[in-house]
Number of protein chains: 2
Amino acid sequence: MTGSGSAGGTVVTVDVVLLTLRAGRLSVLLTRDDDRVRGSDWRLPGGPVRPGEDLEDPGEDLEDTARAALEATGVAAAGHLEQLRTYGHPGRDPDRRAVSVAYLALLPNLPRPRGDGRDGVAARWWPVEDLIPRPGNDPAGSPDAPALALDHDEIVGDGVERARAKLEYSPLAAAFVDEPFTLADLRRVYEAAWGAPLDPPNFRRKVLSTAGFVVPVGARAAPRGGGRPAELYRRGEATALHPPLLRRTV
Amino acid sequence: MTGSGSAGGTVVTVDVVLLTLRAGRLSVLLTRDDDRVRGSDWRLPGGPVRPGEDLEDPGEDLEDTARAALEATGVAAAGHLEQLRTYGHPGRDPDRRAVSVAYLALLPNLPRPRGDGRDGVAARWWPVEDLIPRPGNDPAGSPDAPALALDHDEIVGDGVERARAKLEYSPLAAAFVDEPFTLADLRRVYEAAWGAPLDPPNFRRKVLSTAGFVVPVGARAAPRGGGRPAELYRRGEATALHPPLLRRTV
DNA sequence: CCAAAAGTGTTATGTGTACACCCATGA
DNA sequence: TCATGGGTGTACACATAACACTTTTGG
């Protein structure tokens with residue numbers, strides 16, 4: 001009996017699917033707790049929601065728990081965070097009845113995880129294409145793809161699908177890039193998430209014609225080895241894209 | 001201390017936003033428990049998730065709990081059911097720490113709720129436009145709009161918004177009508193949900209050009225007081241609409 | 001014959017897509 | 001001056017929106 005849960009009760013936990021773009025590939029952060037026997041499995045960052053002791057102490061909010069889990073990984077405290085789905089199948093955790101509220105977090109490029117082996121906690125980025133095979137593309141996941149704890153592979157899959165879908169009708173792609181960014185940066189987010197190239201001229205017109213998606217900064221990026229320097233932008237105030245930026249052949 | 005929850009623990013509950021079309025108006029089912037002091041508030045059907053006693057009894061699945069709550073209202077056991085969102089703010093229930101997994105259910109026309117006062121349980125349909133004021137349209141909800149328990153007004157609002165949005169890119173409208181149905185029946189679902197008329201000829205073309213949305217039955221409806229009888233259809237196999245059926249001026 | 005609802009046709013307008021072409025920079 | 005990537009122009013295919021018109025029923 002390795003679990004800390006109490007039989008007969010329900011433990012509410014939070015798990016965070018933290019996505020970013022690393023080297024042009026959509027990647028998810030996984031952690032591993034080396035202390036435990038079951039620690040050979042990689043898992044999503046997260047943990048139990050503090051329920052509160054009595055009426056004076058109402059306990060912790062779900063989103064606060066999610067953000068704390070995000071901070072504990074050492075990569076960031078800010079960034080886009082939204083609720084994904086709740087997983088409550090009775091058999092999903094063999095040790096206890098655990099209901100997990102999953103969150104989806106999106107962050108700009110390249111934060112390096114804390115505790116790369118220290119503290120008995122390991123954390124690293126995994127390209128999602130190594131974890132969830134895409135239809136027709138991947139043989140059967142990467143050969144060194146890790147086994148995920150519990151139903152965390154399903155949660156990752158749902159998070160990635162949500163992110164891919166939301167790129168179509170929300171300005172969420174801008175959450176993946178640092179400000180200021182170029183339209184090519186933004187385009188590469190779509191290309192990495194959807195796995196297909198987009199036509200740069202048409203992408204530019206689409207984005208600029210959507211009010212509030214991006215705001216020009218009025219400066220140009222430093223050119224890097226040939227090519228005209230690109231204009232710089234920051235995130236706009238829009239919360240939805242009308243009309244949506246549809247991926248083709250869905 | 002009227003609650004049945006235990007201080008120091010967390011109770012996981014399920015609440016169901018059950019929507020249907022009644023007299024051309026999008027309506028939600030609310031219940032009232034007359035036994036309790038707090039019973040003056042109307043609330044969504046639902047209840048606690050059975051956690052399970054031990055390892056032999058793993059407890060009840062969230063979706064099973066939602067469907068049981070749906071059955072308990074006496075309107076139906078079948079129909080579309082999907083997870084909506086989870087509400088876990090510490091102060092949402094003053095009596096206990098309650099995390100509620102909300103579900104969205106869609107049903108065809110006109111089921112009559114069981115227990116219209118008997119069993120100490122009342123249930124009735126409320127037009128959603130009386131509960132949640134639409135921008136610019138309603139003054140401030142209906143004069144006899146009920147106060148909803150806890151954060152159930154927020155949950156109803158989220159459920160209605162989800163339903164309205166999903167009509168655009170999913171064949172979910174067909175869940176609101178009994179089979180077989182006419183295209184006018186289907187069009188009235190959109191008109192009721194979006195509060196705006198649609199052009200019948202264009203709507204017809206849109207629906208019929210979307211593969212798998214509806215399937216012709218090969219019969220005509222009985223005419224009712226003038227007008228050409230309409231062709232009948234049943235639900236198709238499609239799970240998404242490409243391209244979407246967008247509401248205008250969003 | 002008239003009203004009403006279903007269904008078809010037609011056209012203007014807009015949007016997506018493909019691709020030719022020009023611009024600005026480093027080597 | 002060439003390669004490279006950013007940015008503009010444009011033509012065609014297709015989707016949407018508006019509405020005239022035909023069909024089929026009941027009164």
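Reminder, nothing fancy here: chain letters follow the sequence lines and each chain counts from 1.
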Distance check needed: D:dA15 P versus A:Leu246 CG, whole Å only. 13 Å
Distance check needed: D:dT16 C1' versus B:Glu168 CD, whole Å only. 14 Å
note: B:Asn202, atom CG; C:dG7, atom P; distance rounded to Å ~ 14 Å
Any side-chain heavy atom of B:Leu30 within less than 4.5 Å of one from B:Arg124? no
Want to settle it: does A:Asp199 or A:Gly227 sit nearer the 5' end of DNA chain C, counting the closest nucleotide to each? A:Asp199
Exercise: do A:Glu82 and A:His80 side chains pair donor with acceptor under 3.5 Å: yes
Taking any heavy-atom pair under 4.0 Å as a contact, classify A:Pro201: base, sugar-phosphate, or nothing. base
Hey, are the side chains of B:Tyr103 and B:Asp15 touching, using non-hydrogen atoms and a 4.5 Å cut-off? no
Tell me whether the side-chain N or O atoms of B:Arg205 pair up with the base of C:dG7 as donor and acceptor below 3.5 Å, since no angle test is needed here. no
Taking the inter-plane angle between the rings of B:Phe203 and B:Tyr190 on a 0 to 90° scale, is it parallel (under 30°), tilted (30 to 60°) or perpendicular (over 60°)? perpendicular
Can you sort out which residues in residues 229-238 of chain A have a heavy atom within less than 4.0 Å of DNA chain D? Ascending by number, please. A:Pro229, A:Ala230, A:Glu231
Of all the nucleotides listed (C:dA6, D:dG7, C:dA18), which has the minimum atom distance to the side chain of A:Arg220? D:dG7
Whole angstrom value for the distance that separates C1' of C:dA5 from CG of B:Asp185: 13 Å
Atom CZ of B:Arg187 to atom P of C:dA6: distance rounded to whole Å? 6 Å
Less than 4.5 Å apart, side chain to side chain, heavy atoms only: is that true for A:Leu186 and A:Thr182? no
Side-chain heavy atoms of A:Glu168 within contact of A:Leu245, under 4.5 Å: no
Could you check whether B:Tyr87 and B:Asp158, counting side-chain N and O atoms only, form a donor-acceptor pair closer than 3.5 Å? yes
Check this one for me: any side-chain N or O of B:Lys206 less than 4.0 Å away from OP1 or OP2 of D:dA15? no
Does B:Arg224 make a side-chain N or O approach to OP1 or OP2 of C:dA4 shorter than 4.0 Å? no
How many whole angstroms separate atom CG of B:Leu198 from atom P of D:dA17? 9 Å
How do B:Pro243 and B:Pro223 order along DNA chain D: which one's closest nucleotide is nearer the 5' end? B:Pro243
Within this structure, what is the OH-to-P distance between A:Tyr190 and C:dG16, rounded to whole angstrom? 13 Å
Looking at B:Arg204, does any N or O in its side chain come under 4.0 Å of the phosphate oxygens OP1/OP2 on C:dT8? yes
Proximity to the side chain of A:Arg228 - top-ranked nucleotide from C:dG16, D:dG6, C:dA18: D:dG6
